[in-house]
Each structure stands twice: as structure tokens, then as C-alpha cells.
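Just so it is clear: chains get the letters A, B, ... in the order the sequence lines come, proteins before strands, and each one is counted from 1.
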Number of protein chains: 2
Amino acid sequence: MLPKNTKTLVESVKEKGPNLDIYRRLFDSILEQRLAPNTKLNEQDLAQVFGVSRTLIRQSLQRLAAEQVVVMHKNRGAYVAAPDVVLAKQILDARELIELAVVELACGALGETEIEALRMMVALEEQAFAHGDMGTALRRSGEFHVRLAQAAGNQPYVNMLRGLISQTSLIIAMYGQGEIQCARDEHNDLIKALIAGDKTVCAKLMRHHLGHLRTSCDFNRRVKSGSLAMVLS
Amino acid sequence: MLPKNTKTLVESVKEKGPNLDIYRRLFDSILEQRLAPNTKLNEQDLAQVFGVSRTLIRQSLQRLAAEQVVVMHKNRGAYVAAPDVVLAKQILDARELIELAVVELACGALGETEIEALRMMVALEEQAFAHGDMGTALRRSGEFHVRLAQAAGNQPYVNMLRGLISQTSLIIAMYGQGEIQCARDEHNDLIKALIAGDKTVCAKLMRHHLGHLRTSCDFNRRVKSGSLAMVLS
DNA sequence: TCAGATAAAATTGTATACAATAATGTTTTT
DNA sequence: AAAAACATTATTGTATACAATTTTATCTGA
């Protein structure tokens, strides 16, 4: 028997307001880990949930597939991506490369507006955490990093990082162990350092921050929910 | 009157064999500069050219849009992307970041198979150049870099670089001046250095190589064909 | 009972039809 | 003749219909 997820596909996706567009809701559902890796994304079901035709569902799935958040098997449908150990490490390496470049650019170069926006992101993240909504907290943690890349002012960095962060959520879902959220104060520390403007310190903080991510993963552990689905299918 | 391209949409896309899939043929057409920046990509026309329904055309256009090779304006259709000066510089910066990481990984770590593949790519590029087919030469030059990233063994690097290289083709189409192809021997030099295994030398060569790209562009020059189309529309 | 073959159902892939919006052309008015 | 208003056409956005493929269920024969 294939492992089933704690929530049904419908439950996982429906919990948000109806006004966000379909891509975004699917994207967020995955980032918030309401849709586990390897979950099959049935087009008809999703169409019914969102109250639209399969056309729009397919568009969203294809976009998610382009971002490596979803994988599409020809004639066999779309599944939430499930990066293996090798890929997971490559993703974290790539993230470090981009994020170090981001802090290099942003260090000492943040305007008041950007600083305020970053602080707001942290506040929202902590709020979600306080409410026990770990999924939202995780997603907002990612959004902080994206916001930082935007502040750095290099659009390709933003685009690339967005994809890498999405995949990081999948990695955490698959290999994550302890509470990643213990590292949430590090975002505030990072902001302080960026304002102070010492590039060496900023780089060190970012490396340290991402290092926590790595150490919070157990790549030896057999992948959890849904992994068999892929092996058996 | 809007500027028109030297070739019609049909001519630009039809010149290749019929067996490649639609996305690939559009992608290559843009990379080979048969489709200039700002060219409108009419869905019905493309559907007729490729002998398929608009459904498949739209899929390809949306994928290209996700890669920033095409931009889609709501209710107004798809256009070949035309990065402005600011974005162009950001793209080249991002490329340097990724490609330096790639050579760092690949330096001294290339297997015989990969070396042979890289040499083959250079040979194909030179062949196209010798035949005066600059479009194909330019595309293959890009493929060399992608191949190198593959050899480095980090999949996210490959994905990110693929997008950046595509956009580089657009940048060259818009701002390119002299013969970029004079730098084609540098690919062979790079291979030699990668085999030799000196990371400092490899990094310097790559920086130099990408530097040529920058200097071959005149970012002050008013953007050429098709730029008015965007301003006026 | 179980393996294999066959039939039914479900799912994805593609084309077509219709709706909504934008672009174009024509008429009307001043 | 110029500008505005309207009608027409073309183009994109979405839903539906059909085809191809896979998955599941049923049947058959050792």
C-alpha cells in the first residue's frame, strides 16, 4: 500500500482564501508543507477544488515543474518534487553561493525602506511561529531571504534564489529533523550586521545561518512519507 | 511605423527540421537570433507554422516566459524578451558568479568522457563559425558553457546557467558590437586549464572570457531593432 | 491460488469552441 | 479635416470535447 499523506489533496489546498491565484496557492501549499514530497497532484481533483477547468491547473503545474517544485511524468501526471540526497546537497550549495553574493551586495547598502520591509518579514515569521503555524513560518522564512535578494538589487539572484528556497522547503520536509525555527533570531542578527556594513561579518552570519539548515537535516535517514510511491511506481 | 524584423516569424522558425519539439525550436530560434528581441509571437501564426493547436504553442510560450526568454503581457500576447541595460548588467554579473563556481568545481575534476564532450562542443561551434552560421555558433557557444556546468556536477548550477545564457543571447542581440566569436579559442584554453587543474588560472580565464562579453557590448547605444515597439505599445 | 490476458475506468494529452479583451477600421459629429 | 463614438476584426483567455495512454478491475486457464 502506498503511503498516504496526513491531509487529503483537497484539505491541503483549500485552507487558504479563494482570491489568490491557483499557481500561488499550490506553491504556498507546497512551501508550507501541506503537500508532502511525492504527493500526486491530480488535475481533475485540483480543478474541482479551485472551481476552474483543467486548463488553468495544467498551466500552474507546468510552471511549478519549470521551477523544479513539481515533477511531471509524461502520461502519468504531476507529483510534488522529492529531491534525493545528492540533489539536496547541490541545492544547499547553490543557495550558499547565491546568498553570499546577496549579502555582499546588500551589506551596508540597505535603504530605510528595505530595512523596514525586512523587519516586517521577520515579525510576520515570528508571529506565525508564535501561533504554532509552522508551515507559514517556514514559508515566511523563505520570503525573508527572497526579500533580501530583492534589496540587493539583482533580479536574476532573486529569481534563482526563489527556486532554490522552494526546493529547500522540500528538503526540510524530507530530511528535516529538529526545530529549524530555533534559528529564526538569526534573521534579525543578519539585518543588524547588514546595516553595520561589515562584509566579513555578514558573510559569516549567512554561512552560519545556512549551516544550521544543513545540520538540521539527516541525509542518512531513509526518506519519509511518500518516498515509496516513487520507487514502486 | 513599428520596426520590422529582417525575417518573418514563419521564416525565423521554420528553417529547422520538423522533429524537434516546439519549445526547443522556439528556444533555439531565439538563441540563434533569428527571432529578435521584442518580436511579437503570435499564437495563431505559430500554431499554423508548427502544424499544431494553440494549446501546445501556449505551453511553450509559458515555459519560455518562466525562463525570462519571453515576456507575456496579459491579454496582449508574448514577445521575445528585451532586457534593459540595468538587467543586462545584472545578468552578466550573475553569470560570472555561477560560472566561477562551476570552474571551481570542474577544475582538475573532469573525466575523459566530459573532456571529450567539451572538445566536441568546441569543434561544433567552430564548424558553425567556419560555415558562416553565426546564429548556430552563438547557440553552441552557450551550450559549451552549459556542458561545462553539467561536468561540474551541480544540477542547480546547470539550470540557472541555462537561463542566464539564454538571456545573454538576447543581450548580445541588443547591445552586441564587434565579433564576439573572436573569443572562441578561449573555450579551448579553458579546457586545457581545467585539465591542468590550477584553480586560480581557471578562474582568471573564465573572468577574462566573460569580460570579453561585457566589452563587446555597448550599453550606451540606443537599443536596436524592435525597441520602439515596446516604447510605443 | 496465482499469473497472464482482457476489458473497463480513470487520467493525461491535444484540439476545438466559446468568452473576454484589445486592436483596428468606419462612421458620425463638430 | 480632426476627434470621438461606435462597430468590426483580431487576439488572447478559459472551458469543453475528444484522443491516447495508463491504471485498475475482471476474467480466464493452468
| query | Could you state the CD-P distance from A:Gln62 to C:dG13, rounded to the nearest angstrom? | reply | 8 Å

| said: For C:dG13, does the base pair up with any side-chain atom of A:Arg54 as donor and acceptor (N or O, under 3.5 Å, distance only)? | reply: yes

| query | Does a nitrogen or oxygen in the side chain of B:Thr55 sit under 4.0 Å from OP1 or OP2 of C:dT14? | reply | no

| request: Mind calculating the distance between CD1 (B:Ile22) and P (C:dG13) to the nearest angstrom? | output: 14 Å

| Within the pair B:Lys40 and D:dT12, is there a side-chain N or O less than 4.0 Å away from OP1 or OP2? | yes

| In whole angstrom, what separates B:Lys74's NZ from C:dA19's P? | 18 Å

| Between D:dT23 atom C1' and A:Asn42 atom CG, what is the distance in whole Å? | 12 Å

| Contact nearer the 5' end of DNA chain D, comparing A:Gly51 with B:Leu41 | B:Leu41

| field | B:Pro156 backbone acceptor or donor facing A:Gln90 side chain under 3.5 Å | value | no

| Is there side-chain contact between B:Arg140 and B:His187, with heavy atoms separated by less than 4.5 Å? | no

| field | Phosphate-side-chain proximity, B:Asn75 and C:dA20, N/O vs OP1/OP2 below 4.0 Å | value | no

| In whole angstrom, what separates A:Ile57's CD1 from D:dT14's C1'? | 12 Å

| task | Grab the two heavy atoms, one from A:Leu31 and one from A:Leu138, that are nearest each other, plus how far apart they are. | result | O-CD2, 3.6 Å

| field | Whole-Å gap separating C1' (D:dT12) and NE2 (B:His73) | value | 13 Å

| task | State, to 0.1 Å, how close A:Leu164 and B:Met160 come at their nearest heavy-atom pair, and which atoms those are. | result | CD1-SD, 4.0 Å

| task | Round to the nearest Å and state the distance from B:Gln48 atom CD to D:dT12 atom P. | result | 13 Å

| task | Could you check if a side-chain atom of A:Leu56 sits within less than 4.5 angstrom of a side-chain atom of A:Asp21, using non-hydrogen atoms only? | result | no

| Does OP1 or OP2 of C:dT11 have a side-chain N or O of A:Arg76 closer than 4.0 Å? | no

| Separation of A:Gln44 atom CD from C:dG13 atom P, in whole Å? | 14 Å

| query | Given D:dA15, D:dT12, C:dG13, which nucleotide is nearest the side-chain atoms of A:Leu56? | reply | D:dA15

